[in-house]
> 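Could you have a look at this structure, given as structure tokens, before my questions?
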Amino acid sequence: MSKITAAITAVNGYVPDYVLDNKELEAMIDTTDEWIITRTGIKERRILKGEGQGSSVMGAAAVRGLCEKRGISPEEIDLLICCTVTADYIFPATANIITDKIGAKNAFGFDINAACSGFIYGLVTGSKFIESGSHKKVVVVGVDKMSAIVDYEDRTTCIIFGDGGGAVLLEPDENGFGIKDSILRSDGSGFKHLNQKAGGSAYPPTLETVKNREHYARQEGKAVFKFAVTNMADVSAEIMEKNNLSSDDIAWLVPHQANKRIIDATARRMGVSDEKVMLNIEKYGNTTAGTIPLCLWEWENQLKKGDNIILAAFGGGFTWGSIWIKWAYNS
Ligand code: UT7
């Protein structure tokens, strides 16, 4: 019997309607449209408004559409993995909330917290359930409502992030399509450069933590930038070398969308030209675990069966990695 690989067989995305553009940010903080575009490539981002509206709202919408596209019932899903740093609640897992919302009664689910690398961690995890033969339909959701943890008084951080996400369906393939290889890494010493200090068990919420604005994401942008540029580029080049892939073999690079300059450096290192790089940071900013599925969703119609695609991400933790996929279908 031939080896089972995990193939992506459908993709869907979801972004909320509200557009927060650079002009609106200019009125909120000391910044300019020109600074933001030059330093990050971002023009606007989406924001999920409304009380009680968490990441699961976007995740559920993405998965409902995913099932419709593939023509399956949510009850056919065996496992749903939700990758997010903005879970609806500390517990239960947002995956459980999504499965309940969509009626995926036969799925078990759990969350993965790997920040901006969440989706690639989730995709590799999900693929193992398919490759082992134990599960036939695995959904991986990457979604974040970053507006819930962004301090809109902190100009070094709030300009980057937005809300949104997407989902993919993984199914078994016996013809060599799907996830071919992956490299995942982490380094917890990166904690100090990018974190949300309070709200967990180390610093539970108190009046003091709220007063000190410690429930927001903080980053030392320059330090994170330096680590991101090096590691995302290295790991993307490494997966190519490991699998004897030349830049001509690569149809698409799907990079995490944190900063256009980081993406450009990664593409240069891989020798991949701009036309092969999925880039939608301009419209959505950094949606953390949402960026890669949002790109796949937007470019799905241009992907061809057999295309070699490299996914690459870097984020809080630090976490980073790359995945080589042989695309499994024509839309
Ligand atoms: O997604 C996962 C992880 N996150 C990342 O990968 C983000 C990585 N970091 C970055 O993308 C960039 O570091 C930022 C976009 C966050 C910042 O860009 P930078 O080019 O590294 O700027 P900087 O922090 O070195 O600041 C340069 C100057 C400073 O002014 P002085 O000290 O030179 O006078 C900042 O105060 O730009 C100033 N500045 C701003 N000016 C206008 C910082 N933020 C802003 C702003 N508008 N929003």
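Whatever order the structure lists ligands and atoms in, that order sets their numbers, starting from 1.
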> Who's the nearest protein heavy-atom neighbour of atom 19 (P) of ligand 1, and how far?
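In this structure, atom 19 (P) of ligand 1 has R261 NH2, 3.9 Å as its nearest protein heavy atom.
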> Judged by modelled atom types alone, do T206 and E208 share a side-chain donor-acceptor pair under 3.5 Å?
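No, E208 and T206 have no side-chain donor paired with an acceptor closer than 3.5 Å.
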> Counting only heavy atoms closer than 4.0 Å, does ligand 1 sit against the backbone of T31, its side chain, both, or neither?
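Near ligand 1, T31 shows its backbone as well as its side chain.
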> Show which atoms of ligand 1 fall inside a sub-4.0 Å distance from at least one heavy-atom site of T156.
16 (C), 43 (C), 44 (N)
> Do D88 and K145 sit within salt-bridge range, that is, some charged N less than 4.0 Å from a carboxylate O?
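Looking at K145 together with D88, the answer is no, because their closest N to O distance does not fall below 4.0 Å.
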> How close does the nearest protein non-hydrogen atom get to atom 30 (O) of ligand 1, and which residue and atom is it?
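Result: R155 NH2, 4.5 Å.
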> For ligand 1, does F225 get within less than 4.0 Å through its side chain, its backbone, both, or neither, judged by non-hydrogen atoms?
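Answer for F225: both.
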> Does ligand 1 come near enough to K222 that some N or O of the ligand is less than 3.5 Å from an N or O of the residue?
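Right, the criterion is met.
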> Are K49 and D17 ion-paired here, with the side-chain N under 4.0 Å from a carboxylate O?
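Salt bridge absent between K49 and D17.
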> When you compare ligand 1 with T40, is there at least one nitrogen or oxygen pair between them that comes in under 3.5 angstrom?
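Min N/O separation from ligand 1 is not below 3.5 Å for T40.
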> Enumerate the atoms of ligand 1 whose separation from the nearest heavy atom of A258 is less than 4.0 angstrom.
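So the atoms of ligand 1 that pass are 1 (O), 5 (C), 6 (O).
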> Counting each atom of ligand 1 from 1 as listed, which ones have a heavy atom of N259 under 4.0 Å away?
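Selected atoms, number and element: 10 (C), 11 (O), 12 (C), 15 (C).
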> Starting from atom 7 (C) of ligand 1, find the nearest protein heavy-atom neighbour and note its residue, name and distance.
Q219 OE1, 3.5 Å
> Tell me, with the steps shown, if E275 and S273 meet side-chain hydrogen bond (donor to acceptor under 3.5 Å, both in side chains).
CA-CA 6 Å; E275 322 82 72; S273 56; 3.1 Å; yes
> My understanding is that only residues two or more places apart in sequence, or in another chain, count here; which of them pass ring pair (Phe, Tyr, Trp, His ring centres under 6.0 Å) with F110?
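Testing F110 for ring pair (Phe, Tyr, Trp, His ring centres under 6.0 Å), a comparison that skips the adjacent residues, returns none.
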> Counting only non-hydrogen atoms of the protein, does one fall under 4.0 Å from atom 21 (O) of ligand 1?
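At least one protein heavy atom is under 4.0 Å away.
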> Report yes or no: does I160 have a heavy atom closer than 4.0 Å to ligand 1?
yes
> Hey, what's the ring geometry for H193 with F318, parallel, tilted or perpendicular (30° and 60° as the breaks)?
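Parallel: the ring planes of H193 and F318 meet at under 30°.
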> Indicate, as side chain, backbone, both or neither, the part of I29 found under 4.0 angstrom from ligand 1 when only non-hydrogen atoms are considered.
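Looking at I29 and ligand 1, no heavy atom falls under 4.0 Å.
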> To the nearest 0.1 Å, how far is atom 3 (C) of ligand 1 from its closest protein heavy atom, and which atom is that?
V224 CG1, 3.5 Å
> What residue and heavy atom of the protein are closest to atom 1 (O) of ligand 1, and at what distance?
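The protein heavy atom lying closest is N286 ND2, 2.6 Å.
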> I'd like to check whether F314 has a polar contact with ligand 1, where a contact means an N/O of the residue lying under 3.5 Å from an N/O of the ligand.
no
> Counting non-hydrogen protein atoms only, what is the nearest one to atom 9 (N) of ligand 1? Give residue, atom name and distance.
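Here the closest protein heavy atom is G221 O, 3.1 Å.
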> Is atom NZ of K43 surrounded by more than 12 heavy atoms (other residues, nucleotides or ligands) closer than 6.0 Å?
no
> Under 3.5 Å, is there a donor-acceptor pair linking the side chains of Y329 and E300?
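Yes, because at least one side-chain N or O of Y329 sits under 3.5 Å from a partner of the opposite role on E300.
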> With a 4.0 Å heavy-atom cut-off (strictly under), which part of I262 contacts ligand 1: side chain, backbone, both or neither?
side chain
> How close does the nearest protein non-hydrogen atom get to atom 2 (C) of ligand 1, and which residue and atom is it?
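Going by distance alone, atom 2 (C) of ligand 1 is nearest to C116 SG, 3.2 Å.
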> With side-chain hydrogen bond (donor to acceptor under 3.5 Å, both in side chains) as the rule and sequence neighbours excluded, what pairs involving residues 156-166 come up?
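Non-adjacent pairs meeting side-chain hydrogen bond (donor to acceptor under 3.5 Å, both in side chains): S147-D163, D154-T156, D154-T157.
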> Any side-chain donor paired with an acceptor under 3.5 Å for S246 and D249?
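Result is yes, a qualifying pair exists.
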> Does K242, at its NZ atom, have more than 12 non-hydrogen atoms belonging to other residues, nucleotides or ligands within less than 6.0 Å?
yes
> Please check if any side-chain donor atom of T209 sits under 3.5 Å from a side-chain acceptor atom of H215, or the reverse.
yes
> Any salt bridge linking E76 with R70? Criterion: basic side-chain nitrogen under 4.0 Å from a carboxylate oxygen.
no
> With a cut-off of 6.0 Å (strictly less than), are more than 12 heavy atoms of other residues, nucleotides or ligands near OH of Y152?
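More than 12 heavy atoms, drawn from other residues, nucleotides or ligands, come within 6.0 Å of this atom.
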> Would you say atom 44 (N) of ligand 1 makes contact with the protein, given that contact here means a non-hydrogen protein atom less than 4.0 Å away?
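Within 4.0 Å of atom 44 (N) of ligand 1, protein heavy atoms are found.
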> I'd like to check which ligand 1 atoms, numbered from 1 as shown, lie under 4.0 Å from a non-hydrogen atom of L194.
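Within the 4.0 Å cut-off of L194, ligand 1 contributes 3 (C).
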> Would you mind listing which atoms of ligand 1 come within a distance below 4.0 Å of any non-hydrogen atom of R39?
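In order of number, 20 (O).
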> Flag atom 47 (N) of ligand 1 as yes if some protein heavy-atom distance to it falls below 4.0 Å, otherwise no.
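At least one protein heavy atom is under 4.0 Å away.
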> Give me the one residue out of D144, T94, T287 that meets side-chain hydrogen bond (donor to acceptor under 3.5 Å, both in side chains) with T86.
D144
> Give me the residue, atom name and distance of the protein heavy atom closest to atom 26 (O) of ligand 1.
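For atom 26 (O) of ligand 1, the nearest protein heavy atom comes out as W35 CZ2, 4.4 Å.
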> Determine whether any protein heavy atom is located less than 4.0 Å from atom 41 (N) of ligand 1.
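Protein heavy atoms within 4.0 Å of atom 41 (N) of ligand 1 - there is at least one.
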